[in-house]
Amino acid sequence: MTRTRRLTLLYSAARAGFGLALLGPPSWAAERWIGRDASRRPVGVAMRGLAIRDLAVALGAIDALRRDGAVAPWLLAAAACDVADIAISLVAGDSLPERARWGTPVLAGASAAVGAGLAVGQTPATR
């Protein structure tokens with residue numbers, strides 16, 4: 001396995017771990033993002049949907065790596081999800097806890113950049 005593909009596996013495993021962290025009731029990770037409202041049942045529904053989204057793209061990338069298939073589309077989908085999280089958080093503005101208003105764009109921006117960089121770094125056969 002190439003260095004890029006090992007890094008892709010690590011990135012995808014971390015993303016899956018983040019998805020699993022969002023599944024907790026009430027989610028510690030969700031509270032860090034949206035504040036006290038994370039404990040409200042309807043918010044939990046949305047957070048679990050988000051968790052499954054992250055798990056799906058991460059496990060899709062891991063499966064593509066396992067099969068020596070095209071992993072770049074999964075990485076680009078993950079990056080697109082991160083960009084959406086940035087936009088949604090910025091639009092929410094001061095309704096989010098202060099640390100989330102800036103922490104989410106930084107964390108999601110870093111994740112989007114890494115995912116896109118890994119996608120570009122794949123060999124032509126795995127794009």
Side-chain angles (χ1 to χ4, degrees):
M1 184 179 278
T2 67
R3 180 173 188 259
T4 299
R5 290 177 73 77
R6 282 193 306 272
L7 290 172
T8 298
L9 179 60
L10 180 61
Y11 169 81
S12 299
R15 186 173 201 96
F18 182 73
L20 289 172
L22 288 175
L23 285 175
S27 171
W28 176 87
E31 285 182 11
R32 298 305 175 270
W33 187 9
I34 60 171
R36 290 189 303 261
D37 288 331
S39 63
R40 294 179 50 225
R41 181 168 257 158
V43 174
V45 171
M47 295 311 293
R48 283 188 289 283
L50 180 69
I52 297 303
R53 175 200 80 178
D54 276 341
L55 280 169
V57 295
L59 295 176
I62 291 168
D63 183 56
L65 286 167
R66 183 186 62 79
R67 293 182 294 103
D68 285 328
V71 70
W74 291 103
L75 295 168
L76 293 174
C81 292
D82 292 332
V83 170
D85 292 345
I86 293 167
I88 290 164
S89 295
L90 291 175
V91 167
D94 64 0
S95 68
L96 294 176
E98 186 172 350
R99 69 179 168 267
R101 271 181 268 162
W102 304 111
T104 298
V106 168
L107 180 63
S111 180
V114 170
L118 288 169
V120 169
Q122 300 300 312
T123 63
T126 60
R127 284 194 188 141

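When a residue number appears, it is its place in the shown sequence, counting from 1. No hydrogens, no waters, no symmetry mates; every other heavy atom, side chains included, goes into these values.
- Taking Ile, Leu, Val, Met, Phe, Trp and Tyr as members and joining any whose side-chain heavy atoms lie under 4.5 Å apart, directly or through other members, the hydrophobic cluster of Ile86 also contains Leu90.
- From Arg3, atom CZ reaches atom OG1 of Thr8 across 11.0 Å, with rounding to the nearest 0.5 Å.
- Atom CG in Leu96 sits 7.5 Å away from atom CZ in Arg101 (nearest 0.5 Å).
- In plain terms, the two heavy atoms of Ala116 and Ala79 that are nearest each other are N-CB, 4.3 Å.
- In terms of heavy-atom proximity, Ala13 sits nearest to Ile62 at N-CD1, 4.1 Å.
- Grouping the Ile, Leu, Val, Met, Phe, Trp and Tyr side chains by contacts below 4.5 angstrom, directly or via other members, places Leu65 with Leu75.
- Minimum heavy-atom separation, Arg5 to Gln122: NH1-OE1, 3.2 Å.
- Ser12 places no side-chain N or O within 3.5 Å of a backbone atom of Leu9 that could act as its donor or acceptor partner.
- Hydrophobic clustering (side-chain heavy atoms under 4.5 Å, transitive across Ile, Leu, Val, Met, Phe, Trp, Tyr) groups Val43 together with Phe18.
- Between the side chains of Trp33 and Ser89, a donor-acceptor pair is found at a separation under 3.5 Å.
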Under 3.5 Å, side-chain donor or acceptor atoms of residues 49-57 against the rest of the protein: list the pairs with distances, not counting sequence neighbours.
| from | atom 1 | to | atom 2 | distance (Å) |
| --- | --- | --- | --- | --- |
| Arg53 | NH1 | Asp85 | OD1 | 3.2 |
| Arg53 | NH2 | Asp85 | OD1 | 3.4 |
| Arg53 | NH2 | Asp85 | OD2 | 2.8 |
| Asp54 | OD1 | Arg15 | NE | 3.2 |
| Asp54 | OD1 | Arg15 | NH2 | 3.0 |

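- Grouping the Ile, Leu, Val, Met, Phe, Trp and Tyr side chains by contacts below 4.5 angstrom, directly or via other members, places Val114 apart from Trp74.
- The minimum heavy-atom distance linking Arg32 with Ala100 is given by the pair O-CB, 3.6 Å.
- Leu59 and Leu7 end up in the same hydrophobic cluster when Ile, Leu, Val, Met, Phe, Trp and Tyr side chains are linked at under 4.5 Å.
- Note that CZ of Arg40 is 13.0 Å distant from CE of Met47, once rounded to the nearest 0.5 Å.
- Taking both residues in full, the closest heavy atoms of Asp82 and Ser111 are given as OD2-OG, 2.8 Å, listed atom of the first, atom of the second, then distance.
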